[in-house]
Number of protein chains: 2
Amino acid sequence: MTRGQQGGRAAQAEARRAAIIDAATTLIAERGYQGTSLAAVADRVGLTPAGVLHYFPSKDALLSGVLEARDRWDFAAFVGRLTDARLTHLEQIVEYNAERPDLVQAFTVLAGESVTEDHPAREFFTERYAKARADFAALLRAEFGDHLPGGLTPERAAPLLLAVMDGLQVQWLLARDDIDLAAACRDFVSLLSPTQREQT
Amino acid sequence: MTRGQQGGRAAQAEARRAAIIDAATTLIAERGYQGTSLAAVADRVGLTPAGVLHYFPSKDALLSGVLEARDRWDFAAFVGRLTDARLTHLEQIVEYNAERPDLVQAFTVLAGESVTEDHPAREFFTERYAKARADFAALLRAEFGDHLPGGLTPERAAPLLLAVMDGLQVQWLLARDDIDLAAACRDFVSLLSPTQREQT
DNA sequence: GTCTATAATAAGATAGAC
DNA sequence: GTCTATCTTATTATAGAC
């Protein structure tokens, strides 16, 4: 039974790593990256700080693991399906995010921290946003063509779309009863849609 | 000369407090609130940590001072002139903010941190956003009336406007060469404007 | 693979000298 | 009003036992 349902030793180590990343993500959501200690992560997975450092050689390496896990999730949920991407699909992601406030909170906190100097997540978010702007521009062009309301182009609207999604998350996390994440996102898309304007 | 150009002892104490708040704001921008130590603040104003604690009895009290100073600035710049507020005025504020990336960065970091549990700035940002949504809705109604593009009302557009301004700041701080804060803000306003749609 | 033990810093805050 | 000195606690990370 040493090679049970989880497979061999390597697979067990992978499961441990995943559990540590999970715990770290939750704690980052609750206390931020700077506010998260290795001791707290270790407690959550039933290890000591030294035990955690066996899987991730430093706290920064653990953060990298958290960010990479998010990237894999994003890829599976969105970028991997970009060939058939539609704005409705983007709205589905928003709805799915609304079911995972812990994940949204972790990455809202990290994005905020990332603008500080020499933050270990700064490069990650810089590249992530640049890529998101390019992806969103392509999405908007596929959906609406070259000419958007207000005389905007997809390239000029893309940062706005990204900003709205990000900014709404902050407001939602601070006032979940007042903000409907998915509905507000749809509201913004309706501003971009040439066909739906002036509806009552 | 003991009562020189700065006034009496009370005024000198106020000047000290202001200098400490200034230093703290800069350091929060550079390293976040959790990453800012009293020792670093003290260094910047030529005091020891104990000296700083003479003016602010705790680190949290110092943060409150930073937030109150921002509130006073906001009031002078925006809320205090709400009677004659126009969207063009809001755009002037964005342009002014673009000249003060340090302030923008400090409050972007703090807003991100504030969504964590028991953060000392959480209540501040919760109330600030709620008030901003109400103010923006009134502003949009005064400017455009009850009916906005996409079938939106001022109340539904206000959180979007707030989200765009916030989200653009994050993108701008991470890629100042790629994002034109004021221009992007105007782009969004043009989406809300009933008269300017479909311009080329 | 996980631990104990410990190193090496650093934090916020207090007491009391000056 | 500001300092020195100190308390107390927490941090990341390493070395080496088991």
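These numbers come from a predicted model, not from an experiment.
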A:Ser190 backbone acceptor or donor facing A:Ser193 side chain under 3.5 Å: no
Which residues in [range] have a heavy atom closer than 4.0 Å to any atom of DNA chain D?
range                       : answer
residues 18-37 of chain B   : none
residues 109-125 of chain B : none
residues 56-66 of chain A   : A:Ser58, A:Lys59

Ring geometry between A:Phe124 and A:Phe107 (parallel below 30°, tilted from 30 to 60°, perpendicular above 60°): tilted
Can you confirm whether [X] sits close enough to [Y] that some side-chain heavy atom of one is under 4.5 Å from a side-chain heavy atom of the other?
X        : Y        : result
A:Asp118 : B:Glu30  : no
A:Leu139 : A:Asp135 : no
A:Leu103 : A:Asn97  : no
B:Leu192 : A:Leu191 : yes

Just how far, in rounded Å, is [atom2] of [N] from [atom1] of [X]?
X       : N      : atom1 : atom2 : result
A:His54 : D:dT14 : NE2   : C1'   : 15 Å
A:Arg17 : C:dG1  : CZ    : C1'   : 14 Å
A:Arg9  : C:dG1  : CZ    : P     : 8 Å
B:Leu38 : C:dT14 : CG    : P     : 11 Å

Under the side chain to side chain contact (heavy atoms under 4.5 Å, CB included) test, residues paired with A:Ala39 that sit two or more places apart: A:Ser37, A:Pro49
Test side chain to side chain contact (heavy atoms under 4.5 Å, CB included) applied to A:Glu91 - qualifying residues, sequence neighbours left out: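 Expected list: A:Cys185, A:Arg186, A:Val189.
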From A:Pro194, A:Pro149, A:Pro154, residue fulfilling side chain to side chain contact (heavy atoms under 4.5 Å, CB included) relative to A:Phe144: A:Pro194
Taking only N/O atoms, report every protein-nucleotides 5-7 of chain D pair under 3.5 Å with atom names and distance.
none

Set of side-chain hydrogen bond (donor to acceptor under 3.5 Å, both in side chains) partners for A:Arg100, sequence neighbours left out: A:Asp102
A:Tyr33: ring-ring contact (aromatic ring centres under 6.0 Å, His included) partners, not counting sequence neighbours: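 Applying ring-ring contact (aromatic ring centres under 6.0 Å, His included) to A:Tyr33 gives A:His119.
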Which residues share a ring-ring contact (aromatic ring centres under 6.0 Å, His included) with B:Phe188, sequence neighbours left out: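 So B:Phe188 forms a ring-ring contact (aromatic ring centres under 6.0 Å, His included) with A:Phe188.
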Listed partners of A:Asp22 passing salt bridge (Lys or Arg N to Asp or Glu O under 4.0 Å), at least two apart: none
Polar contact flag, side-chain donor to acceptor under 3.5 angstrom, B:Gln34-A:Arg31: no
Closest to side chain of A:Thr48, choosing from C:dC3, C:dA11, D:dC3: C:dC3
From D:dC3, C:dA13, C:dG1, nucleotide with atom closest to B:Leu53 side chain: C:dA13
Salt-bridge contact B:Arg141-B:Glu155 (side-chain N to carboxylate O under 4.0 Å):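 Salt bridge present between B:Arg141 and B:Glu155.
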What protein N or O atoms touch nucleotides 16-18 of chain C N or O atoms at under 3.5 angstrom, if any, and at what distances?
none

Pairs touching residues 156-177 of chain A that satisfy salt bridge (charged side-chain N to carboxylate O under 4.0 Å, His left out), sequence neighbours left out: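 Matches after skipping sequence neighbours: A:Arg156-B:Asp187.
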